[in-house]
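Everything quoted here is computed from the prediction, not taken from an experiment. Ligands are counted one by one from 1 in listed order, and the atoms in each one are counted from 1 as well.
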Amino acid sequence: MSERLAMKVAIVTGGASGLGLATAARFVEEGASVIVTDKDEDRLNGAFGNISNIEPLDRRYQDVTDEIGWESLINYVLNEYGRLDILVNNAGITKDNLLMRMSEDDFDHVLEVNLKSVFNMTHAIQRAFLKQRHGSLIHLSSVVGVKGNAGQSNYAASKAGIIGFSKSVALELGSRNIRSNVIAPGFIETEMTARLSEEVVQGWRSGIPLKRGGTPKDVAEACVFLASDLSSYITGQVLHVDGGMLT
Ligand code: NAD
C-alpha cells in the first residue's frame, strides 16, 4: 500500500499523549517525518518507548504559549528537514468549573493554551507555507466547541474560537493552496475517560448513534485524511469525529 504522507514533514503539538501521540504514530506509518512537541518533558521522553518503527520521529520540548519558541522551532524544522507541510494544533487543556466559581485566571489560561497558541503557531508557520505555496493546517476543536457544555464555558469558548479562526484562515490563504480544517472529536476513550465510572461511560456510549466511544486512532485517521492529498480540495471545514453525536 502506498504511503499517504510520503516525503511530508509534520509538526504535532501536545503529541506526548492521547490523540496527538496516536496521530504522530499514524503519520509516521504513512511515511511522514514528524516533529512532536510537548511541554511535559518526561511524558515526551517516555511516550514512545513501546511504539516501534517510528523513526524518523523528532521530539522537541515546547510550551505552545511560548511565542518566541515557535519561530525557533520552525527555523529548526526548515533547516533540518528542508520543508514543512503539516501542522496539527493539538495541545489543549481543561480547567472546568461552573461559571459562578470560575476565576478569571482559569478562563484566561484555558484561552491562552487552547486558542491563542493556535493563532501564534499558525501566524508563525504561514511564512513557510506561503513560500512553498502549500500546507495543511489541522486544528483540534471539540463537540463542546459546537454545542457547549455546562461547567466548561472557558473550554467551549476556546474550542468555538478555533472554528472561527480556522474558517477565516481558510478564506485568507486558500488562494495560496494552504488549507485549514478543524477536527471536532466527541467522546474519545482515553486515560482521562478511564477514570470515569463504568456507569458514566456506559451513559455516554448509549447516547452515541454508533453506540461506542471513539478511540485516539479514530481521530488520528481523520488527521491523516486532512493532512494528505486525499483532501486536497477540502478547506474551511469542521470534521466531526463523534460517532454521530451531533446528528
Ligand atoms: P491529553 O491531555 O492526553 O494530551 C494533551 C497534551 O498536550 C499533553 O501531552 C500535554 O502535556 C500537552 N500540553 C498541555 N499544555 C501544553 C502546552 N502549554 N504546551 C505544549 N503542550 C501542552 O489530551 P487529549 O485527550 O489527547 O486531547 C488532545 C486534543 O484534543 C486537545 O486539544 C483536546 O481539547 C481535544 N479533544 C479531546 C477529546 C477527548 O475526548 N480526549 C475530545 C475533544 C477534543
Should Ile93 and Asn114 count as side-chain neighbours, where that means a heavy-atom distance under 4.5 Å?
-> yes
Are Asp218 and Arg212 close enough for a salt bridge, meaning some N to O gap below 4.0 Å?
-> yes
Please identify which atoms of ligand 1 are closer than 4.0 Å to at least one heavy atom of Gln62.
-> 19 (N), 20 (C)
Which residue and heavy atom of the protein sit nearest atom 18 (N) of ligand 1, plus the separation | Asp63 OD1, 2.9 Å
The side-chain contact (heavy atoms from CB on, under 4.5 Å) partner of Ile11 among Val77, Val34, Asp58 is Val77
With a 4.0 Å cut-off on heavy atoms, does Glu189 reach ligand 1?
-> no
Which segment of Ser141 sits under 4.0 Å of ligand 1 when only heavy atoms are counted = backbone
CG of Asp66 to CE of Met121, rounded to nearest 0.5 Å, is 11.5 Å
Please report which non-hydrogen protein atom sits nearest to atom 7 (O) of ligand 1, along with the residue it belongs to and the distance in Å to one decimal place.
-> Gly14 CA, 3.5 Å
Geometric cation-pi criterion Arg176 and Phe129, 6.0 Å radius, 45° cone = no
Could you give the distance from OG1 (Thr94) to CG (Asn154), rounded to the nearest 0.5 Å?
-> 8.5 Å
Would you say Ala22 touches ligand 1, if touching means a heavy atom closer than 4.0 Å?
-> no
Name of the residue among Thr23, Val219, Val241 meeting side-chain contact (heavy atoms from CB on, under 4.5 Å) with Leu140 = Val219
Counting heavy atoms under 4.0 Å, the part of Arg43 that contacts ligand 1 is side chain
Is the closest N or O pair between Asp40 and ligand 1 shorter than 3.5 Å?
-> no
For atom 5 (C) of ligand 1, which candidate among Gly18, Gly92, Gly20, Ser142 holds the nearest heavy atom?
-> Gly92
If you have a sec, work out which protein heavy atom is nearest atom 38 (C) of ligand 1 and how many Å separate them, to one decimal?
-> Leu19 CD1, 4.1 Å
Nearest heavy atom to atom 39 (C) of ligand 1 wins, so pick from Asp242, Val144, Ile183, Ile188.
-> Ile188
Tell me, which protein residue and heavy-atom name are nearest atom 1 (P) of ligand 1, and how many Å apart are they?
-> Ser17 OG, 3.6 Å
Presence of salt bridge, Lys8 and Asp229, under 4.0 angstrom = yes
Atom 23 (O) of ligand 1 protein-contacted, heavy-atom criterion under 4.0 angstrom = no
Specify the protein heavy atom at minimum distance from atom 42 (C) of ligand 1: its residue, its atom name, and the distance to 0.1 Å.
-> Gly186 O, 3.3 Å
Val143-ligand 1 polar pair, N/O distance under 3.5 Å = no
Could you tell me the residue and atom name of the protein heavy atom closest to atom 34 (O) of ligand 1, and the distance to it rounded to 0.1 Å?
-> Tyr155 OH, 2.6 Å
Measure the spacing between OH of Tyr233 and CZ of Arg179 and express it to the nearest 0.5 Å.
-> 12.5 Å
Identified side-chain contact (heavy atoms from CB on, under 4.5 Å) counterpart of Ile125 within the set Asn89, Leu73, Ile74 | Ile74
Can you tell me how far CG of Asp38 sits from CZ of Arg60, rounded to the nearest 0.5 angstrom?
-> 13.5 Å
Does ligand 1 have an atom under 4.0 Å from some heavy atom of Asp38?
-> yes
Among protein heavy atoms, which sits nearest to atom 15 (N) of ligand 1, and what does the distance come to when rounded to 0.1 Å?
-> Ile93 CG2, 3.7 Å
Protein contact of atom 21 (N) of ligand 1 - nearest heavy atom, named by residue and atom, plus distance = Lys39 N, 3.3 Å
Any idea how Phe187 and Trp204 line up, ring-wise: parallel (<30°), tilted (30 to 60°), or perpendicular (>60°)?
-> parallel
